[in-house]
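Worth knowing before you read on, the calculation uses all heavy atoms, side chains too, and leaves out hydrogens, waters and symmetry mates. First the proteins, then the strands, lettered A, B, ... as listed; each starts at 1.
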2 protein chains.
Amino acid sequence: MRRETYNEFRRLCQEHSLAATHQRQKIYEALVSRPGHYSPEEIYEQVKQDLPSISLATVYKNLKTFVHAGMLREVSPHHGSWRIDANHHPHHHLVCTRCRSITDLDFDSLGPVKLRGKLPSGFRLEKFTIEVQGICKACTAAETKQH
Amino acid sequence: MRRETYNEFRRLCQEHSLAATHQRQKIYEALVSRPGHYSPEEIYEQVKQDLPSISLATVYKNLKTFVHAGMLREVSPHHGSWRIDANHHPHHHLVCTRCRSITDLDFDSLGPVKLRGKLPSGFRLEKFTIEVQGICKACTAAETKQH
DNA sequence: TATCAGATGATAATCATTATCACAAGATTC
DNA sequence: GAATCTTGTGATAATGATTATCATCTGATA
């Protein structure tokens, strides 16, 4: 691991009161040292090369911990359950990052996406989708009530 | 079911050589007759009120059939596996709708999202994410080779 | 170094989704 | 409308991803 990455890792752990374990270090490295959007399984395979006895459960737990702490992000706020969209009119989605609810947003509520320059060669564009991420009304209300 | 919806359903089934069964009709209705982005489980619960003996597997199979035929769409092309994003710089995603691969796209490749009018009241905006959906280079190549 | 909260590894449990297969229901033909 | 054939359905087992449990171990702090 590069010194720089290592220091950042220590700092982040301290900041979030997390023990800087071997396993966490390798998991963090596996994610940060190469570009990509890996699944827990992929991270597991990668880390196992250095720590053959690591458990898949440890990978899962730490990815959750990291995401929760804000050290990493999940690519999609709605993995885990398959959702069907029957709205045939063009539209966007409001996604609540807390309860994962999805609401339609009228297509015209947002201006068109403008492409500056080119997409990577070979990629055949089908469409742009805009996800408006945030906290929905219900979750905001629930939060306010708590405090 | 409204006559209009019913006719559309029959037409779509004929168009795609699908038997217009009872179950399919109710599933289609459950999706189309009310706004929302339902999970298979939710559809199942809804349809069961009319067809108590329907099986969850039937719901799954028909949702797949409908999506495959283009009668419905899936909300997210990458539900199903949890992916981690370690790229802290703002960026967008290129998503291949065939192989579901995800690639980063430089933030400046796309113009900013412009909000016209207001978001629904109570929604606390965090950020806009643009997904550029299409067919990636590898999948395009594989397709070309086949024909 | 001793202590202890928190982390790990092994594995069982859960949950969503898919596969299998015997039986039933639409579509088509007469 | 009945016969036939194809396709769809329901019950349930199988799979795959994720989470829970718990005994043991390790990093952090004194």
Subject >> Gap between atoms OH and C1', on A:Y44 and D:dA17 respectively (whole Å) >> reply: 14 Å
Original post:
Expressed in angstrom and rounded to an integer, what is the separation of B:I54 atom CD1 from C:dA25 atom C1'?
Top reply: 14 Å
Original post:
Looking at B:T58, does any N or O in its side chain come under 4.0 Å of the phosphate oxygens OP1/OP2 on D:dG10?
Top reply: yes
Original post:
How close do B:R83 and A:S39 get, heavy atom to heavy atom, and via which atoms?
Top reply: CD-N, 4.1 Å
**OP:** Starting from C1' on C:dT18, measure out to CH2 on A:W82 and report it in whole angstrom.
**Re:** 11 Å
Original post:
Does A:E74 come within less than 4.0 Å of A:R100, counting only side-chain N to carboxylate O?
Top reply: yes
**OP:** With side chain to side chain contact (heavy atoms under 4.5 Å, CB included) as the test, would you mind laying out the steps for A:F66 and B:I84 before giving the verdict?
**Re:** CA-CA 10 Å; A:F66 290 163; B:I84 298 298; over 6 Å; no
Original post:
Is any side-chain nitrogen or oxygen of A:Q23 closer than 4.0 Å to OP1 or OP2 of C:dG9?
Top reply: yes
**OP:** May I have the distance from A:L56 (atom CG) to D:dT19 (atom C1'), rounded to whole angstrom?
**Re:** 11 Å
Subject >> Touch class at under 4.0 angstrom, heavy-atom based, for B:A19 against every strand present >> reply: sugar-phosphate
Original post:
Please walk me through it: do A:L115 and B:L110 pass side chain to side chain contact (heavy atoms under 4.5 Å, CB included)?
Top reply: CA-CA 5 Å; A:L115 189 57; B:L110 302 177; 3.4 Å; yes
Original post:
Within the pair A:S55 and C:dA10, is there a side-chain N or O less than 4.0 Å away from OP1 or OP2?
Top reply: no
Original post:
Only one of A:H92, A:H91, A:H93 forms a ring-ring contact (aromatic ring centres under 6.0 Å, His included) with A:F107, so which one is it?
Top reply: A:H92
Original post:
Using a cut-off of 4.0 Å on non-hydrogen atoms, how would the nucleic acid contact of B:S53 be classed: base, sugar-phosphate, or nothing?
Top reply: sugar-phosphate
Subject >> A:T21 side chain near C:dT8 phosphate (N/O to OP1/OP2, under 4.0 Å) >> reply: yes
**OP:** May I have the distance from B:H79 (atom NE2) to D:dA17 (atom P), rounded to whole angstrom?
**Re:** 12 Å
Subject >> Interatomic distance where NZ belongs to A:K64 and P belongs to C:dT8 [whole Å] >> reply: 15 Å
Subject >> A:Q25 CD - C:dT8 P separation (whole Å) >> reply: 12 Å
Original post:
Do A:K61 and C:dG6 share a donor-acceptor pair, side chain to base, under 3.5 Å?
Top reply: no
Original post:
To the nearest Å, how far apart are A:L63 CG and D:dA17 P?
Top reply: 15 Å
Subject >> 5' precedence on DNA chain C between B:Y60 and B:H22 (nearest-nucleotide basis) >> reply: B:Y60
Subject >> Closest-nucleotide 5' rank along DNA chain D - winner of A:A20 and A:P40 >> reply: A:P40
